[in-house]
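Atoms considered below: every heavy atom in the structure, side chains included; atoms not considered: hydrogens, waters and symmetry mates. Because the structure is a prediction, the values reported are computed rather than measured.
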Amino acid sequence: MTSEITTDTSPVFDPENPAATIEAMAHRCSNWGRWGEDDVHGTLNFLDEGARVRAAQLVTTGQTFSLAQPFNAEGPQKGWRRRTNPVHTMTDTGLDAEFGDQGFPFGMGGADDVIAMPLQCSTQWDGLGHIFDHGRAWNGRRAGAVVTSEGDQVTGIETAADRIVGRAVLLDAGRALAGELGLEHPELPDGFALTPELLDRIIDRQGASAQVGRGDILLVRTGQYSRTRREGWGDYAGGAAPGLSFRSAPWLHDREIAAIATDTWGFEVRPTELNGAFQPLHQIVIPHMGLYIGEMWNLDELAEHCSRTGRYEAFLVAAPLPVTGAVGSPVNPVAVV
């Protein structure tokens with residue numbers, strides 16, 4: 001599949017009637033039953049062994065890029081819905097070793113540590129049990145039958161532990177659109193919506209290596225994370241942001257991508273395009289499409305490399321931690337070129 005694919009938008013797009021708009025888009029983009037009633041992988045089914053073999057052949061230099069933000073107490077979270085930043089505590093230190101307080105024989109010493117954090121506090125994947133629509137989870141299951149007080153009993157993040165390895169395609173929206181938008185930095189302004197037309201334009205400008213198709217892991221750099229590194233976190237966590245337009249749902253659906261990740265807190269444009277709605281694109285792509293979403297990724301260094309080389313694809317390893325029953329997971333994605 002290429003950027004020449006034509007996709008229909010929702011049969012209804014009325015910002016003043018978000019309920020009807022969401023319902024119409026859910027029907028347009030549903031993958032319920034596509035891989036059978038017992039499916040737990042959603043669009044990761046597009047990322048098969050053959051796709052991974054082809055992706056591995058993209059490696060020519062062996063150069064690697066970590067796509068993770070730092071996991072530390074400095075940010076980006078502000079405490080919304082009990083989402084805090086990681087708390088890293090040393091339980092054994094070099095001083096303990098120097099004073100011989102650790103109980104090891106013959107002079108041996110060591111350091112040890114522990115971390116406490118929400119699973120979605122920094123670079124992470126949203127699993128398929130993270131978002132529901134009208135009480136329904138991925139593949140039409142009852143939300144209450146999927147996620148209980150003991151965790152996600154059906155689509156827990158551990159079901160994807162060996163799945164997210166394949167071809168990544170970077171769409172550097174900040175750079176591709178900077179000229180026509182008159183931007184001082186290659187960073188989209190908050191509230192800027194990436195529509196299907198703009199996504200196609202970015203692909204055309206970046207060239208053949210940026211074509212997006214079946215089984216790909218799509219990376220979208222808006223530049224918002226770059227701005228936080230220069231100006232501070234501000235309202236990065238939960239505030240206004242550039243991102244995917246609600247209208248992009250059919251575009252994502254028809255290209256049969258395996259997953260998508262962005263450099264923003266919430267993946268989609270904020271404020272939302274639908275009055276009164278909260279993350280309506282999440283409401284479509286996770287429970288109806290079965291699409292894995294990555295958020296708060298650091299795409300800057302990879303984007304700079306792609307800009308220099310003119311090559312916008314890479315081999316990506318982005319396995320979530322197999323936390324049994326979790327609906328999201330921290331990740332250190334590594335792109336290899």
Side-chain angles (χ1 to χ4, degrees), residues 1 5-13 18-48 51 124-143 146-147 152 154-157 159-160 163-164 166 169 171 193-196 199 212-220 243-262 266-269 272-274 277-295 318 320 327-328:
M1 292 188 175
I5 294 174
T6 299
T7 56
D8 296 327
T9 57
S10 171
V12 175
F13 186 85
T21 301
I22 292 169
E23 181 180 3
M25 190 68 87
H27 179 74
R28 166 65 175 82
C29 297
S30 177
N31 281 328
W32 287 4
R34 185 169 186 168
W35 298 284
E37 63 180 15
D38 296 328
D39 180 69
V40 298
H41 295 124
T43 56
L44 294 182
N45 284 290
F46 293 132
L47 182 49
D48 58 20
Q124 57 94 25
W125 284 117
D126 283 348
L128 297 187
H130 178 50
I131 297 293
F132 313 120
D133 181 26
H134 289 82
R136 293 290 167 176
W138 159 242
N139 226 16
R141 300 179 178 98
R142 285 183 48 245
V146 174
V147 182
D152 188 333
V154 181
T155 52
I157 204 76
T159 61
R163 292 265 169 168
I164 312 180
V169 180
L171 299 189
L194 288 166
T195 62
L199 294 171
V212 178
R214 183 185 179 99
D216 288 339
I217 303 163
L218 179 59
L219 311 178
V220 180
L244 275 290
S245 168
F246 184 81
R247 298 171 187 257
S248 70
W251 192 96
L252 299 172
H253 177 270
D254 292 356
R255 274 153 186 76
E256 299 182 333
I257 62 171
I260 184 171
T262 73
F267 158 69
E268 58 190 278
V269 65
T272 175
E273 299 151 293
L274 302 180
F278 180 80
Q279 303 287 83
L281 189 56
H282 275 67
Q283 195 172 341
I284 300 300
V285 300
I286 292 180
H288 291 282
M289 201 183 300
L291 181 67
Y292 267 71
I293 297 174
E295 293 161 332
V327 299

Which heavy-atom pair separates Leu274 from Phe13 by the least distance, and what is that distance? CD2-CE1, 4.1 Å
Would you say the side-chain atoms of Trp138 pair up with the backbone N or O of Gly127, donor to acceptor, closer than 3.5 Å? no
Assess whether side-chain contact (heavy atoms from CB on, under 4.5 Å) is satisfied between Arg34 and Thr43, documenting all intermediate values. CA-CA 10 Å; Arg34 185 169 186 168; Thr43 56; over 6 Å; no
Worked check of side-chain contact (heavy atoms from CB on, under 4.5 Å) between Ile260 and Leu244: CA-CA 10 Å; Ile260 184 171; Leu244 275 290; 4.3 Å; yes
Would Asp48 and Arg214 pass as an ion pair if we require N to O under 4.0 Å? no
Output for pair (Trp251 CH2, Ile257 CD1), nearest 0.5 Å, gives 7.0 Å
Check the orientation of His288 and Trp32. Use parallel for under 30°, tilted for 30 to 60°, and perpendicular for over 60°. parallel
What pairs with Arg142 under salt bridge (charged side-chain N to carboxylate O under 4.0 Å, His left out), at least two apart in sequence or on another chain? none
Taking only residues two or more places apart in sequence or in another chain, which ones pass ring pair (Phe, Tyr, Trp, His ring centres under 6.0 Å) with His130? none
Taking side chain to side chain contact (heavy atoms under 4.5 Å, CB included) as the definition, give me every residue that meets it alongside Ala143, ordered by chain and number, with sequence neighbours left out. Phe132
Does the side chain of Met25 reach to within under 4.5 Å of the side chain of Pro250, using non-hydrogen atoms? yes
Applying side chain to side chain contact (heavy atoms under 4.5 Å, CB included), name anything that partners Val269, two or more places apart in sequence or on another chain. Ala193, Glu273
Test side chain to side chain donor-acceptor pair (under 3.5 Å) applied to Asp39 and Asn45, Thr155, Asn139, Asn31, the passing residue: Asn45
Show, in sequence, the C-alpha distance, side-chain angles and deciding distance for Ile157 and Asp152, and conclude whether the side-chain contact (heavy atoms from CB on, under 4.5 Å) test is met. CA-CA 8 Å; Ile157 204 76; Asp152 188 333; over 6 Å; no
Gap between atom CG of Leu218 and atom CG of Leu291 - 0.5 Å precision: 9.0 Å
Kindly compute the distance separating CZ (Arg28) from CE (Met289), expressed to the nearest 0.5 Å. 8.5 Å
Quick one: list whatever passes side chain to side chain contact (heavy atoms under 4.5 Å, CB included) with Thr159, sequence neighbours left out. Val40, His41, Tyr292
Which atom pair, heavy atoms only, marks the closest approach of Gly215 to Ala258? O-CB, 3.7 Å
To the nearest 0.5 Å, how far apart are CG in Leu44 and CD1 in Ile164? 5.0 Å
Can you name the nearest heavy-atom pair linking Leu47 to Ala51, along with the distance? CD1-CB, 3.9 Å
May I have the list of side-chain donor-acceptor pairs in residues 278-287 shorter than 3.5 Å, sequence neighbours left out?
{"unit_1": "Gln279", "atom_1": "OE1", "unit_2": "Arg270", "atom_2": "NH1", "d": "3.1"}
{"unit_1": "Gln279", "atom_1": "NE2", "unit_2": "Gly266", "atom_2": "O", "d": "3.3"}
{"unit_1": "His282", "atom_1": "ND1", "unit_2": "Glu268", "atom_2": "OE2", "d": "2.6"}
{"unit_1": "His282", "atom_1": "NE2", "unit_2": "Asp126", "atom_2": "OD2", "d": "3.4"}
{"unit_1": "His282", "atom_1": "NE2", "unit_2": "Glu295", "atom_2": "OE2", "d": "2.9"}
{"unit_1": "Gln283", "atom_1": "NE2", "unit_2": "Asp133", "atom_2": "OD1", "d": "2.7"}

